[in-house]
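Structure first, then comments.
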Amino acid sequence: MDLNAVHMLVKVAECKSFTLAAQQLGTSQSRISRSVAQLESTLGVRLLNRNTRNVSLTPDGCELVDRCTPLIAGLEDARKLLLDRRCEPSGMLRMTAPSLFGRVMLTPLLGQLMRQHPQLQIDASFTDRLVDMVDEGFDAAVRIGPLEDSRMIARSLPPLRWVTVASPAYLAEHGTPSGLAELAQHTCIGVYNHHLGRRVHWQFLNEQGQPEDWPVPQSIHFDSGDPLLESALHGLGVVQIMEFAVHEHLRAGRLVRLLPRHEGRSRELALVYPRSRQASPKIKALAKLLLEQANW
């Protein structure tokens, strides 16, 4: 059986289109059509239902694709592994990271990585959506929180810390809270996490020095953390935000740190990648840079 034809069939099934499959495989639609037809002739079964609008798998086609997809993925991993054993990092590095962290902290580092390794190309997706790295073809990810996927390896990075801030103009109008009870009377701006299905709690240290989730009565909430900084700078209210995002604004006096003795929220951070990619020079170069330059 022609494995290249099987690969084409799997891609057609994923894309539900000969045209899109041809674009992704870098070949012609007619070549894919001929290869799939020859595969059908060899096996003596019809694998695809074809009409003018779309294509779909027949039951026999579903059976073949279900059994062959892991094999095709394994061959692709083996190909990448052999290519990645070259000493100099090169080719495409696909990575993902949380939106705010990616934009503020990773973007300058990725520029430095490409200057160090001119043969490297980077495809970065900065999103708060929890992507499936294997299914979506990512080489690496920077993840907040504990690792939950046994298919992955995690390299620990310095943890992220949160601070609670507001603008001088907001505090001049509404007063500066001296404790958590007073903070509850302020306009608090938070985030709704669709993955968790609820608003994200803030966290403070209690009087015994232990971290506690604090369900702040949020007056405004967004579906991601990106607008928090702008909201605070424009005087909309109080936000709890990662420290790296507001460091310069605190130093310049554009924001004021609130309730510092109650600060204590932090989350582990890690560079995560599939076990099959641990020998990749691209991953090694990225990990080395992050571990050397981490300063958040």
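Hydrophobic clustering keeps Val142 apart from Leu130 (ILVMFWY residues linked when any side-chain heavy atoms are closer than 4.5 Å, directly or through intermediates). A chain of hydrophobic side-chain contacts below 4.5 Å, direct or via other Ile, Leu, Val, Met, Phe, Trp or Tyr residues, connects Leu250 to Trp296. In the hydrophobic cluster analysis, where Ile, Leu, Val, Met, Phe, Trp and Tyr join through side-chain heavy atoms closer than 4.5 angstrom, Val45 is grouped together with Met8. Leu20 and Ile32 fall into different hydrophobic clusters, defined by Ile, Leu, Val, Met, Phe, Trp and Tyr side-chain heavy atoms under 4.5 Å apart, directly or through other members. When the side chains of ILVMFWY residues are joined at heavy-atom separations under 4.5 Å, either directly or via intervening members, Leu43 and Leu9 end up in a single hydrophobic cluster.
Below 30°, between 30° and 60°, or above 60°: for Tyr192 and His221 the angle between ring planes is between 30° and 60°, a tilted geometry.
Counting only heavy atoms from C-beta outward, the side chains of Gln240 and Trp214 never approach each other to under 4.5 Å. Using a 4.5 Å heavy-atom cutoff, the side chains of Met133 and Val272 are in contact. Proximity of Leu233 to His249: side-chain heavy atoms (C-beta onward) are separated by under 4.5 Å at one or more points. Under the 4.5 Å side-chain criterion, counting only non-hydrogen atoms from C-beta, Met105 is not in contact with Leu100. Annotation: side chain of Ser167 is not in contact with side chain of His234 (no heavy-atom distance under 4.5 Å). Residues Leu171 and Pro177 meet the side-chain proximity criterion, which asks for heavy atoms closer than 4.5 Å. A 4.5 Å side-chain heavy-atom check between Thr42 and Asp2 finds every atom pair outside the cut-off. Two residues are said to be in side-chain contact when any heavy atoms from C-beta on lie closer than 4.5 Å; Pro98 and Phe126 fail this criterion.
When all heavy atoms of Ala232 and Val165 are compared, the pair lying nearest together is CB-CG2, 4.5 Å. Pairing each heavy atom of Ile122 with each of Met92, the nearest pair is C-SD, 3.8 Å. Taking every heavy atom of both residues into account, Ala166 and Gly237 meet most closely at CB-O, 3.9 Å. Lys288 and Glu292 make their closest contact through NZ-OE2, 2.8 Å (heavy atoms, listed as atom of the first residue, atom of the second, distance). Closest non-hydrogen pair, Arg275 versus Met152, comes out as NH2-O, 3.6 Å. In plain terms, the two heavy atoms of Pro281 and Pro89 that are nearest each other are O-CG, 3.6 Å.
One finds a salt bridge joining Asp123 and Arg94 here, because a Lys/Arg side-chain nitrogen approaches an Asp/Glu carboxylate oxygen to under 4.0 Å.
Side-chain contact check for Ser28 and Ser30: at least one donor-acceptor pair (N or O, by modelled atom type) lies under 3.5 Å. Checking His186 against Tyr170 by side-chain atom types alone, a donor-acceptor pair falls below 3.5 Å.
Enclosure of atom CD in Gln119 is not indicated, since only 12 or fewer non-hydrogen atoms of other residues, nucleotides or ligands lie within 6.0 angstrom. Dense packing is recorded around CZ of Arg198, with more than 12 heavy atoms of other residues, nucleotides or ligands lying under 6.0 Å away. Around atom CG of Asp132, more than 12 heavy atoms belonging to other residues, nucleotides or ligands sit under 6.0 Å away.
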Yes or no on side chain to side chain contact (heavy atoms under 4.5 Å, CB included) for His262 and Glu207, after CA distance, side-chain angles and deciding distance? CA-CA 8 Å; His262 288 288; Glu207 297 302 328; 3.5 Å; yes

Kindly indicate, with the supporting measurements, whether the criterion salt bridge (Lys or Arg N to Asp or Glu O under 4.0 Å) is fulfilled by Lys282 and Glu88. CA-CA 8 Å; Lys282 293 182 288 189; Glu88 177 63 24; over 6 Å; no

Could you walk me through whether Leu286 and His117 pass the side chain to side chain contact (heavy atoms under 4.5 Å, CB included) check? CA-CA 10 Å; Leu286 177 62; His117 306 287; over 6 Å; no

Given the rule in the salt bridge (Lys or Arg N to Asp or Glu O under 4.0 Å) test, do Arg161 and Glu268 qualify, once you have shown the distances and angles that lead to the verdict? CA-CA 9 Å; Arg161 298 180 299 273; Glu268 54 213 81; over 6 Å; no

Going through the checks in order, is the side chain to side chain contact (heavy atoms under 4.5 Å, CB included) test met by Ile283 and Met95? CA-CA 10 Å; Ile283 300 298; Met95 67 169 300; over 6 Å; no

Would Val6 and Leu39 count as a side chain to side chain contact (heavy atoms under 4.5 Å, CB included) if you check the C-alpha gap in whole Å, the side-chain angles of each, and the deciding distance to 0.1 Å? CA-CA 8 Å; Val6 175; Leu39 184 61; 4.1 Å; yes

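Atom CG of Leu271 and atom CG of Leu291 lie 8.0 Å apart (nearest 0.5 Å). To the nearest 0.5 angstrom, Ile72 atom CD1 is 5.5 Å from Leu3 atom CG. The distance from atom CD1 of Ile189 to atom OG of Ser231, rounded to the nearest 0.5 Å, is 4.5 Å. A distance of 9.0 Å separates CG of Leu48 from OG of Ser33, quoted to the nearest 0.5 Å. Considering CD of Glu230 and CG of Leu236, their distance stands at 11.0 Å, rounded to 0.5 Å. Rounding to the nearest 0.5 angstrom, the gap separating the CG atom in Leu229 from the CG atom in Leu255 is 6.5 Å.
For Pro211, the side chain to side chain contact (heavy atoms under 4.5 Å, CB included) criterion is met by Gln203, Leu205, not counting sequence neighbours. Among residues two or more places apart in sequence or in another chain, the side chain to side chain donor-acceptor pair (under 3.5 Å) test is passed with Arg257 by Glu243, Glu263.
Counting only distance, with no hydrogens or angles, the side chain of Glu40 and the backbone of Arg46 share no donor-acceptor pair below 3.5 Å. In this structure a side-chain-to-backbone donor-acceptor pair under 3.5 Å is missing from Ser156 to Ala270.
The aromatic ring centroids of Phe101 and Phe244 lie less than 6.0 Å from each other.
Pairs of residues two or more places apart, or lying in two chains, that qualify as salt bridge (Lys or Arg N to Asp or Glu O under 4.0 Å) and include a residue from residues 96-108 are Arg103-Asp226.
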